[in-house]
S.K.: 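Take this structure first; my questions come after.
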Amino acid sequence: MSNTSASAAPKGELTKGHKKVIFASSLGTVFEWYDFFLYGSLAAIIAKQFFSGVNETTGMIFALLAFAAGFFVRPFGAAFFGSLGDRIGRKYTFLVTILIMGISTFLVGVLPNYNTIGFAAPVILIILRLLQGLAMGGEYGGAATYVAEHAPPGKRGLYTSFIQSTATMGLFLSLLIILVCRMTLGTEAFEAWGWRIPFLVSIILLGVSVWIRLQLSESPLFQQMKAEGKGSKTPFRDSLKDGNLKLMLLVLLGAAAGQAVVWYGGQFYSLFFLTSMLKVDATVANLLIAGALALGTPFFIFFGWLSDKIGRKKIIMAGCLLAAITYMPLFKGITHFANPAIEEARNNSPALVVADPTTCSFQFDPVGVRKFTNSCDIATAALTRAGVPYTVQAAPAGSLAQIKVGDNSVASYEAAGLSKEELKARADAFAPALKAALVDAGYPEKADTARINIPMTILLLWVLVIYVTMVYGPIAAYLVELFPTRIRYTSMSLPYHIGNGWFGGFLPAISFALVAGTGNIYYGLWYPIGIALMTVVIGTLFLRETKDVDITK
């Protein structure tokens with residue numbers, strides 16, 4: 001076994017040892033992000049496979065919440081594995097995390113669906129997602145700290161930017177393998193069973209990742225700290241002491257939260273927006289996102305390098321501010337270029353739900369037992385599934401809801417008290433009538449691939465990715481420089497994973513729930529916009545700038 005050490009780089013020179021540290025840490029992290037993002041990329045299929053026991057809208061939200069469950073536990077993984085990393089070392093801790101991640105991902109690929117084992121299927125799926133989240137909570141801080149502690153003076157932003165690029169590269173790899181499987185098997189076979197293949201492939205990637213990381217030695221700064229007896233016996237408790245706790249809270253609200261929503265808004269929500277709101281074919285949407293990622297990924301390295309020259313914070317704040325200001329026009333532009341028929345139909349024949357507003361519910365059921373049976377809820381749910389924006393127009397109390405689209409009007413129905421046969425008969429009459437009215441008004445059932453302006457759509461998606469690279473490229477170096485060596489792994493991991501796990505991870509579910517509840521396909525954007533603006537204010541006022549500070553203490 002080789003013990004790679006890169007602690008003796010003269011004057012910032014990129015040695016062979018440095019290259020191996022960056023390559024091994026980054027490649028292992030790419031595979032771990034690949035594992036984590038497979039679920040998000042396949043959320044719509046997973047909703048059908050594992051959450052078919054609830055209505056379609058709730059099932060989609062459930063699938064997104066199961067995705068978010070992995071993010072929810074990331075701070076707990078950060079606390080546990082961060083503490084281990086500060087006590088026993090960076091290298092061995094992120095070896096453990098990658099094993100947990102890889103095995104959990106492989107098991108998703110062999111897990112029977114809801115139709116086979118019933119309620120146990122989503123329960124086991126969520127448990128596996130929780131294990132993935134715990135592992136990811138320990139992974140990022142270890143890899144970022146490990147690379148930063150090897151970096152020579154004046155190169156910390158550049159070196160850690162390779163770690164930052166791994167998340168997008170992992171997403172890119174997951175999209176690429178999904179696309180190959182889709183195009184090889186065909187849509188029907190892929191959605192029936194082929195979606196499992198990308199999860200099963202992860203076992204091969206796991207073997208490669210473990211072998212690569214076994215070639216590395218421990219961080220030189222950690223070794224020095226241990227030799228001098230300056231390590232912390234209780235890093236988690238020490239991280240929560242007054243001065244450090246205040247700093248972690250400021251980092252959470254003034255850096256990590258905004259970075260998280262811009263990251264997930266620019267990559268995950270944009271894909272979800274294309275497929276679920278604009279009804280772009282999944283293969284085409286993945287290709288569009290993949291194109292934008294391929295063009296944007298080098299900018300992680302650029303902004304990491306730039307942060308070594310001008311500072312980290314100002315780049316992160318600029319990315320958050322630009323995202324907050326331009327998200328609305330950018331996503332409206334994506335609609336215009338990716339599915340112009342929706343925009344035209346909405347302008348010419350806006351969809352109205354004419355109903356007693358007191359009967360219309362915000363259709364989000366976090367426990368999956370609530371039944372939406374009144375005519376307004378049935379009407380709004382049908383439009384949401386069709387990807388049709390709508391507004392609710394007040395009608396007399398107690399009146400039956402109607403959907404008006406252009407010159408057509410379709411009566412909804414009350415489902416309470418109906419037998420299964422009566423309910424099916426009503427639904428079978430309502431669905432085709434609504435579909436005919438929407439088609440007559442120009443609303444497409446699917447986006448017309450021939451009408452997609454591919455260059456302009458990729459350009460707008462690329463702009464979203466550029467914001468991602470601005471907020472994410474410099475943040476590893478920024479967090480490393482804010483905290484002392486003895487508690488660095490724990491202290492940087494906690495705010496990072498609370499920000500990314502809670503503020504970012506719940507973005508798709510929160511935004512989709514906002515869209516489903518309002519009928520406005522852009523309403524979900526107010527969540528990332530609000531969080532990004534909060535970060536700009538708090539980060540600008542209360543966090544210090546860093547560039548090349550001494551991290552040996």
Side-chain angles (χ1 to χ4, degrees), residues 44 47-48 52 54-61 273 275-281 335 339-365 370-396 398-448 451 512-524:
K48 298 175 183 177
S52 56
V54 295
N55 72 73
E56 188 173 341
T57 301
T58 300
M60 188 64 214
I61 294 174
F273 185 82
T275 55
S276 296
M277 309 298 178
L278 301 185
K279 301 299 180 182
V280 174
D281 175 77
T335 301
N339 193 349
I342 283 184
E343 185 181 54
E344 293 162 2
R346 187 183 64 223
N347 291 336
N348 298 328
S349 305
L352 299 175
V353 177
V354 184
D356 175 1
T358 63
T359 66
C360 298
S361 305
F362 188 79
Q363 294 190 49
F364 177 49
D365 177 16
R370 186 177 172 193
K371 302 295 183 182
F372 298 98
T373 58
N374 69 67
S375 60
C376 180
D377 290 342
I378 289 170
T380 57
L383 291 172
T384 299
R385 287 194 299 272
V388 175
Y390 67 86
T391 55
V392 176
Q393 186 178 89
S399 58
L400 187 71
Q402 294 196 1
I403 298 174
K404 291 188 175 181
V405 189
D407 297 328
N408 298 302
S409 180
V410 179
S412 185
Y413 59 94
E414 296 287 341
L418 297 180
S419 66
K420 288 184 178 180
E421 293 76 14
E422 291 173 322
L423 187 60
K424 184 178 185 303
R426 296 283 181 89
D428 287 347
F430 172 71
L434 176 59
K435 181 178 179 180
L438 293 174
V439 170
D440 186 58
Y443 286 95
E445 188 173 358
K446 293 286 184 180
D448 183 355
R451 293 194 65 189
F512 179 66
L514 290 172
V515 171
T518 62
N520 185 334
I521 63 174
Y522 305 113
Y523 204 81

S.K.: Any Lys/Arg nitrogen of K435 or E445 sitting under 4.0 Å from an Asp/Glu carboxylate oxygen of the other?
M.R.: yes

S.K.: Measure the spacing between CG of L438 and CG of N408 and express it to the nearest 0.5 Å.
M.R.: 9.0 Å

S.K.: Measure from the side-chain N and O atoms of E343 to the backbone N and O of P340, and report whether any donor-acceptor pair falls under 3.5 Å.
M.R.: no

S.K.: Flag the pair R426 and E421 as a salt bridge only when some basic side-chain nitrogen lies within less than 4.0 angstrom of an acidic carboxylate oxygen.
M.R.: no

S.K.: Check whether N374 reaches the backbone of T359 with its side chain - one donor and one acceptor, N or O, closer than 3.5 Å.
M.R.: yes

S.K.: Between D356 and G398, is there a donor-acceptor pair closer than 3.5 Å when you use the side chain of the first and the backbone of the second?
M.R.: yes

S.K.: Taking the side chain from Q402 and the backbone from S409, do they hold a donor-acceptor pair closer than 3.5 Å?
M.R.: no

S.K.: Do the side chains of Y522 and T335 get nearer than 4.5 Å, heavy atoms only?
M.R.: yes

S.K.: So, do F273 and I521 sit near enough that their side-chain heavy atoms are less than 4.5 Å apart?
M.R.: yes

S.K.: Can you list everything that forms a side chain to side chain contact (heavy atoms under 4.5 Å, CB included) with A427? Sequence neighbours excluded, please.
M.R.: Y413

S.K.: Measuring from atom CD of E344 to atom CG of N348, what distance do you get when rounded to the nearest 0.5 angstrom?
M.R.: 7.0 Å

S.K.: Restricting to non-hydrogen atoms, name the atom on Y443 and the atom on P389 that form the minimum distance, rounded to 0.1 Å.
M.R.: CE2-CD, 4.4 Å

S.K.: Are the side chain of S375 and the backbone N or O of A401 linked by a donor-acceptor pair below 3.5 Å?
M.R.: yes

S.K.: Roughly how far apart are M277 CE and N520 CG, rounded to 0.5 Å?
M.R.: 10.0 Å

S.K.: Any sub-3.5 Å donor-acceptor pair from N339's side-chain atoms to L278's backbone N or O?
M.R.: yes

S.K.: Out of curiosity, I378 CD1 to L434 CG, how far, rounded to the nearest 0.5 Å?
M.R.: 12.0 Å

S.K.: To the closest 0.5 Å, what do you measure between CD1 (I342) and CG (D448)?
M.R.: 12.0 Å

S.K.: Indicate the atoms forming the closest heavy-atom contact of F430 with S412, along with that distance.
M.R.: CE1-CA, 3.9 Å

S.K.: Got a donor-acceptor contact below 3.5 angstrom from the T380 side chain to the C376 backbone?
M.R.: yes

